[in-house]
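Protein chains get the first letters and strands the later ones, always in sequence-line order, with residue 1 at the start of each.
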Amino acid sequence: MMKLGASPDIAEEITQETFVSVWRKAQQFDQRKSSAVTWIFTIARNQRIDRLRKERRPALDPNDPLLVPNKTPTPFEELEQSSIVKNVTASIEQLPDDQRDVVRLSFIEGLSHQEISARLKTPLGTIKSRLRLSFEKLRLSLGDFQ
Amino acid sequence: MTILHHPGDELVLGYAAGSLAESWSIAIAAHLTYCPICRHKVEAAEHVGGSLLGGLEEEALAPSALDLVLSQIKGVEQEKPEQWQASIEESSPSKQESILPSALQSYIGNDIDSLPWQRLGNDVSQYLIKTNDHEAKARILRIKAGRPVPSHGHRGRELTLVLSGSFEDEFSKFRAGDLEDVAEETVHKPIAAAGDDCICLAVTDAPLRFKELIPRILQPVLNI
Ligand SMILES: [Zn+2]
């Protein structure tokens, strides 16, 4: 599922753990609130942080009394969850190769921006601007114009 | 409350991808508590991860594994439509009123006054947060109302999230929920607003560079 910059064995273990978690937590999953692949991605990502980096993943608590709620519905709250992922997928396919590579190394291999810079032998500033540009395009594909 | 200072997209993307180190991630997660705009961005970025994962499935997995999982999910779907949103994990039972967002409470509890503060001179105290992060350090700073933090430059990056009170530096004013991102080479002298102490979360990846002598001498001892 994820190469994770890890040995195949560890990547396999993380994949297994992810599936176990997905099964265990399946009841908490609400299709109206998110797409299944995105939900699975977040679980796999957290497994990777836990197993590979041995760090914790600081997360938001939706019941935090300090949480400042949304004033207005966000642009893609009204989109069907399945069409969100379709739009993003189409938009990723249209990215120039150099931008798509950086996005993939970051989200799928879990490399930090510095590690991507070293891997591609490209200055850190260039990596960051490729990420920013691709994110702008991806958000536009969601009708997000901020 | 209007948030005026947000993390850049590059930090939001690193947080969503899971590639941002733990200490920086604490600052982002805590900022999200105050900021619907950035919550929305993180959600969008997580869909990028989801889309890539969906496209990856065929090459790396037994072909039907993801489908199988998805069909299991559909099987239990809506049985118990509990809250779930991108980037929001297990919620904990209701907590005592605190100025600390939950992302921070999970590290240091909810009672800021009972922390074993370490004095940095007369006006500033700090509490170093224990993480497993080897790249950056996170600390809570308490600056006395109306008092300055000694002028300092940076060898690396410094993220400061205001938790209560406010501070001002040469560049702008920062209130609860605002995140200041100070780059290498910048010298600034934050001053807490009069009235209440300013409590903030500060994350740095290299020791600060103090201009004045006393803080410079104390620096190695105090681990700042
Ligand atoms: Zn924000």
Region of [X] that comes under 4.5 Å of a non-hydrogen atom in chain A:
X	answer
Ile99(B)	backbone
Leu104(B)	neither
Leu13(B)	both
Ala45(B)	both
Ser25(B)	both

Can you sort out the partners of Lys137(A) under side chain to side chain donor-acceptor pair (under 3.5 Å), two or more places apart, ordered by chain and number?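 Once residues adjacent in sequence are excluded, the partners of Lys137(A) under the side chain to side chain donor-acceptor pair (under 3.5 Å) criterion are Gln99(A).
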According to side chain to side chain donor-acceptor pair (under 3.5 Å), who are the partners of Arg56(A), at least two apart in sequence or on a separate chain? Ser106(B)
Does any heavy atom of chain B fall under 4.5 Å from the side chain of Ile49(A), the backbone, both, or neither of them? side chain
Check each atom of Leu67(A) against the heavy atoms of chain B and say whether the ones under 4.5 Å are side chain, backbone, both or neither.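 Contact with chain B involves both backbone and side-chain atoms of Leu67(A).
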Would you give the length of the straight line joining atom CD1 of Ile140(B) to atom CD of Gln126(B), rounded to the nearest 0.5 angstrom? 10.5 Å
Euclidean distance, Asn110(B) CG relative to Ile112(B) CD1, rounded to 0.5 Å: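 Rounded to the nearest 0.5 Å, the CD1-CG separation comes to 10.0 Å.
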Going by the angle between their ring planes, with limits at 30° and 60°, are His6(B) and His31(B) parallel, tilted or perpendicular? perpendicular
Winner by heavy-atom pair count (cut-off under 4.5 Å) against chain B, out of Ile92(A), Ile43(A), Ile116(A), Ile127(A):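 Looking at each option in turn, the highest pair count goes to Ile92(A).
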Between chain B and each of Lys54(A), Arg100(A), Lys86(A), His113(A), count heavy-atom pairs under 4.5 Å; write down the option with the most. His113(A)
Looking only at Ala16(B), Ala30(B), Gly49(B), Ala103(B), most heavy-atom pairs under 4.5 Å shared with chain A are made by Gly49(B)
Salt-bridge contact Arg51(A)-Glu17(A) (side-chain N to carboxylate O under 4.0 Å): no
Do you know the tightest heavy-atom contact between Ala27(B) and Leu161(B)?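 Shortest heavy-atom separation between Ala27(B) and Leu161(B) comes out as O-CD2, 4.1 Å.
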